[in-house]
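Note that the coordinates shown come from a computational prediction; the quantities given were computed from them, not determined experimentally. When a ligand or atom number is given, it counts from 1 through the structure's own listing order.
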Amino acid sequence: MFFTVLTIFPEMFDPFWSHGIIRRALEAKKIEASAVNIREFAEDRHQVTDDRPFGGGSGMVMKPEPLAAAIRATSQTMQGAKAVLLTPQGRIFDQQMARELASYEGLILICGRYEGVDERICHDLIDYEISIGDYVLTGGELAAMVLMDAVTRLIPGALGGEDAAEKDSFSDGLLEHAHYTRPRIFEAQAVPEVLLSGHHQEIENWRLESSVMRTLLKRPDLLQNKDLTPQESQILKKWRQA
Ligand code: 6GU
């Protein structure tokens with residue numbers, strides 16, 4: 001997977017590239033990533049990337065020419081890449097969209113700033129408009145990092161060979177089961193006995209029950225669109241009656 005981020009703040013990405021799973025995935029060449037300054041594609045002497053809105057009003061709009069030039073130049077060097085505009089007006093990002101994006105060879109992530117980008121960019125040059133939630137950020141940069149993080153962990157081998165991505169929350173439409181580590185008793189709260197038992201089947205059963213119960217309590221909306229296995233249905237019935 002290739003990520004190229006188009007932004008007026010490329011330095012914002014340096015700390016993101018240099019920590020944790022993202023760093024390891026870069027070092028292992030599971031992903032490649034770079035941040036390109038849109039300013040480099042501005043033709044004028046002052047490399048201006050924004051201008052006042054036609055029709056008046058407050059705020060500034062990102063000019064179309066530097067953005068279009070940046071997207072075209074990047075697309076040419078990235079065969080099979082999709083162009084994603086990060087905008088609060090986009091489709092809300094979720095795990096299913098992360099899976100879809102992870103199937104492409106590359107992603108060009110375009111970070112809007114100011115009040116927005118000139119509308120004429122969206123028609124021919126953009127494949128996806130994506131938002132990360134219903135709140136307003138000052139720019140698409142943090143959203144681009146969220147998206148790259150979620151997509152990277154789905155790239156085979158990026159997590160270091162474990163199957164953790166498949167077992168994570170949302171991958172099967174349920175929240176994760178509860179987790180415990182040492183000590184066995186922390187502030188008068190004991191670890192559930194079954195987890196210390198060594199009975200693998202019983203531990204699996206307990207984890208599924210924990211998963212279903214937590215989803216029912218914390219995110220019942222997730223259960224609306226989910227096909228439940230017979231075992232999951234049975235657990236749900238039990239907890240709904242409780
Ligand atoms: Cl992608 N951009 C901005 N500016 N605000 C957002 C967002 C994106 N997603 C949620 N809020």
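Side-chain atoms of Thr215 come within 3.5 Å of backbone N or O of Leu175 as a donor-acceptor pair.
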Measure and list all N/O to N/O distances between ligand 1 and the protein that fall under 3.5 angstrom.
residue  : atom   : partner : partner atom : Å
ligand 1 : 4 (N)  : Leu137  : O            : 3.1
ligand 1 : 5 (N)  : Leu137  : N            : 3.1
ligand 1 : 9 (N)  : Ser131  : OG           : 3.3
ligand 1 : 9 (N)  : Ile132  : N            : 2.9
ligand 1 : 11 (N) : Tyr135  : O            : 2.5

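Remark: of the listed residues Leu101, Thr152, Ile155, Ile155 is the sole one forming a side chain to side chain contact (heavy atoms under 4.5 Å, CB included) with Met1.
Using the six-membered ring where Trp is involved, His177 and His179 have ring planes that are tilted, between 30° and 60° apart.
Salt-bridge annotation for Arg113 and Glu141: present, with a side-chain N of the basic residue lying under 4.0 Å from a carboxylate O of the acidic one.
At a threshold of 4.5 Å between non-hydrogen side-chain atoms, the residues Gln95 and Leu154 count as touching.
The salt bridge (charged side-chain N to carboxylate O under 4.0 Å, His left out) analysis of residues 222-242, with sequence neighbours excluded, yields the pairs Glu209-Lys238, Lys226-Glu232.
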